[in-house]
Amino acid sequence: MNNSTTITNKTKWNVLSNINTICDSIVECGLHPERTTLYQTTLLRMNEYFNTNENQTCILCFAIYQHFRNNNQIYPSELADFLSVNVLKVAAMYPDFVALRQKGLIDFTDSKSTFSVSKEVIKTVLNNEVLSHNLKKETNYIDFVAKAANLYENNKYTENSTDDLVCQLKEYEDSNDTIPFIIRCRELISDSKSRFMFYDLCNDSISGLPSCLCSTIDDIYDDSDRFIIARKFFDEEHILMTNGFIKFTEKGNLIDSKVTLTEKGKKFFLDEDYELYSAKVDDKKLKKPQDIFTKKLFYSEENQKQIDNLTQSLTQTKFRQIQKKLTEKGLPCGITVLLHGAPGCGKTETVYQLAKKTGRSIMHVDISSTKSAWFGESEKKIKEVFTDYKNLCEKMKKIKGGRIPILLFNECDAVFSKRKDISYSNTAQTENAIQNIILEEMEKLEGILIATTNLIDNLDPAFERRFLFKIHFENPSVEAKKAIWKNKMKWMSPTQAEELAIKYNLSGGEIDNIVRKAEMKEIISGKRPAFSDIVEMCKVEKLNAATEPVKRMGFAV
């Protein structure tokens, strides 16, 4: 609705003069003034002007009078004196106050101890204009939860009880009961206090912040009720959790625990605007192709063919064609890849370079963050990884030129390990449950999952079938190491590069370490390290000082 609330045509009579007639009559005779013809005519005119009954018109006229008198908030006792009635009579007129506020004619303070006439009414009266019969500003669901949260915040600085706050929230909710979000909440969340908590959590979600469970509960519950509600949350029996609307982001004691909306909760709240407000994946988890530094890769001939084939499969055109063809044949359309081999042979870097070449972002799974000491939490966290990834994929599909990202499980043996006997411990039961979730998600994956590991023997056999591509990396051959040395240190002669390649059995990652130390030495000393310095660095790079060369090639820098 347009914020303009008045019609600019003038009235044929003077509005302020009629208000003055009402006020003079009330000052003389109180709430029931003498029914003179002038008063009755004026009252009917002002009832029609304001679209109010007699009590409401009297309240409004006094509020306007008081505004021009001192522009202060009006106390109920002042109105009682003006009407020459007991203050309890004014209290009994509360429904009239509510009606006036719903029409946008008066405003309450947050504590409801005072009220004032709407600025729009003052403006219209001063201009002697016709007053719209609906000055109430239309509230949307975002403004609604923001105002509800503001009521929470303001209540902290008053002496009002939580019961007073609940009354304010109920009244505010009633006055906005046509908002579709409110209708949905009332249908699904019957308990009003649970709804009010949900409104607060929704507002925090818009700000991208988790909510402290303790303060959220304290805002609306008193005394022992707080612990009853807290227990329901920790036992996941609260209606907001059984409906799947909120989840723990941190689960410790009551003071430390934080909650936020789940994706289901966000969709319920935001409805058609979900895409506009959906949270971006944490930057720590998402690496964009433009942020990846291009590196030259060195592979064995066999590995090179495998990597080239995988790269082709992940280009946008081929990937779409592959997914379309597989879907038509009723086959899983996701691409799953396992890169395994010795440490430092370039598995992780290969993923980065694949992403760079195919223009895809990488959603990196922080495996440590999926582990929790709380029963059932680890399973939820791993499930959320795939939920976040699916949402990201859906979002990219809707963007013109958007490309499905790569879901990367680095050092995947930490969660893909062999299943254990559940009678051994609760930990074994949790780990098995996590693996079952991953296996199920891999089966129905529609995106790209790449896992790396140095410990292939630790993986559960059930994962083998789920990986479409399985590429084994080994430490580079002498020829490959020679090429790597020459690529990294272009000043080195072919003979020197060959000497290092033959004499020192180093992985690509270890060669990278030496290159970095050489760069540091050059910065510190101001001159390039001598070949003898590089030899000394090679001698101490391996903890076991092994120097035997390997025979096979398979390294990516």
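What you see below is based on every heavy atom in this structure, not just the backbone, and it leaves out hydrogens, waters and symmetry mates.
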Using a strict 4.0 Å threshold on nitrogen-to-oxygen distance, state whether [X] and [Y] make a salt bridge.
| X | Y | value |
| --- | --- | --- |
| E441 | K383 | yes |
| K397 | E394 | yes |
| K287 | D291 | no |
| E263 | K247 | no |
| E443 | R465 | yes |

Distance-minimising heavy-atom pair for [X] and [Y]:
| X | Y | value |
| --- | --- | --- |
| F386 | I382 | CD1-O, 3.3 Å |
| H472 | N303 | O-ND2, 3.1 Å |
| I534 | M492 | CG2-CE, 4.3 Å |
| F269 | R184 | O-NH2, 3.4 Å |
| L392 | M363 | CD2-SD, 4.3 Å |
| F473 | G346 | CE2-O, 4.5 Å |

For F181 and F198, take the angle between the two ring planes, folded into 0 to 90°, and tell me which bin it lands in: parallel under 30, tilted 30 to 60, perpendicular over 60. tilted
Any chance the side chains of [X] and [Y] put a donor and an acceptor closer than 3.5 Å?
| X | Y | answer |
| --- | --- | --- |
| N513 | E541 | yes |
| Q304 | D308 | yes |
| Q353 | E349 | yes |
| Y199 | E173 | yes |
| D256 | N253 | yes |

Test side chain to side chain donor-acceptor pair (under 3.5 Å) applied to K347 and N410, step by step: CA-CA 9 Å; K347 300 179 294 297; N410 212 16; over 6 Å; no
Does the side chain of [Y] come within less than 4.5 Å of [X]'s, by heavy atoms?
| X | Y | answer |
| --- | --- | --- |
| K390 | K444 | yes |
| L240 | I189 | yes |
| I322 | C333 | no |
| F233 | L254 | no |
| F144 | I182 | yes |
| L354 | L310 | yes |
| I514 | W485 | yes |
| K288 | S361 | yes |

Given side-chain contact (heavy atoms from CB on, under 4.5 Å), test I437 with E379 step by step and report yes or no. CA-CA 8 Å; I437 290 170; E379 295 94 309; 3.7 Å; yes
State yes or no: are the ring centers of F234 and F248 separated by less than 6.0 Å? yes
List the steps and the verdict of side-chain contact (heavy atoms from CB on, under 4.5 Å) for F469 and I307. CA-CA 10 Å; F469 293 92; I307 297 300; over 6 Å; no
Within the distance-only criterion (no hydrogens, no angle test), does the side chain of [X] pair as donor or acceptor with the backbone N or O of [Y] below 3.5 angstrom?
| X | Y | answer |
| --- | --- | --- |
| Y389 | I448 | yes |
| R195 | R186 | no |
| D200 | F196 | no |
| K481 | S507 | no |
| N391 | T387 | yes |
| T262 | F245 | yes |
| R403 | T358 | yes |
| K318 | Q312 | no |
| R360 | A355 | no |
| Q323 | G334 | no |

Which residues satisfy the ring pair (Phe, Tyr, Trp, His ring centres under 6.0 Å) test with F463, sequence neighbours excluded?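 Once residues adjacent in sequence are excluded, the partners of F463 under the ring pair (Phe, Tyr, Trp, His ring centres under 6.0 Å) criterion are F416.
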With rounding to the nearest 0.5 Å, note down the distance linking [atom1] in [X] to [atom2] in [Y].
| X | Y | atom1 | atom2 | value |
| --- | --- | --- | --- | --- |
| R466 | T336 | CZ | OG1 | 10.0 Å |
| Q435 | L459 | CD | CG | 9.0 Å |
| C345 | E510 | SG | CD | 10.5 Å |
| Y221 | I229 | OH | CD1 | 4.0 Å |
| N176 | D143 | CG | CG | 9.5 Å |
| K329 | T327 | NZ | OG1 | 12.0 Å |

So for atom [atom1], which belongs to [X], do other residues, nucleotides or ligands contribute more than 12 heavy atoms lying within a distance under 6.0 Å?
| X | atom1 | value |
| --- | --- | --- |
| K232 | NZ | no |
| Q321 | CD | yes |
| E384 | CD | yes |
| L331 | CG | yes |

Test I183 against I179 for side-chain contact (heavy atoms from CB on, under 4.5 Å), laying out the working first. CA-CA 6 Å; I183 296 172; I179 298 176; over 6 Å; no
As a test of understanding, state which of L339, I335, T350, L338 forms a side-chain contact (heavy atoms from CB on, under 4.5 Å) with I450. L339
Name all residues meeting the side chain to side chain contact (heavy atoms under 4.5 Å, CB included) criterion together with K324; count only those two or more places apart in sequence or in a different chain, and write none if there are none. E328
Quick one: do T249 and V259 satisfy side-chain contact (heavy atoms from CB on, under 4.5 Å)? Show the steps, please. CA-CA 5 Å; T249 56; V259 291; over 6 Å; no
Starting from the C-alpha separation in whole Å, work towards a yes-or-no answer on side chain to side chain donor-acceptor pair (under 3.5 Å) for Y299 and Q306. CA-CA 10 Å; Y299 300 108; Q306 292 173 304; over 6 Å; no
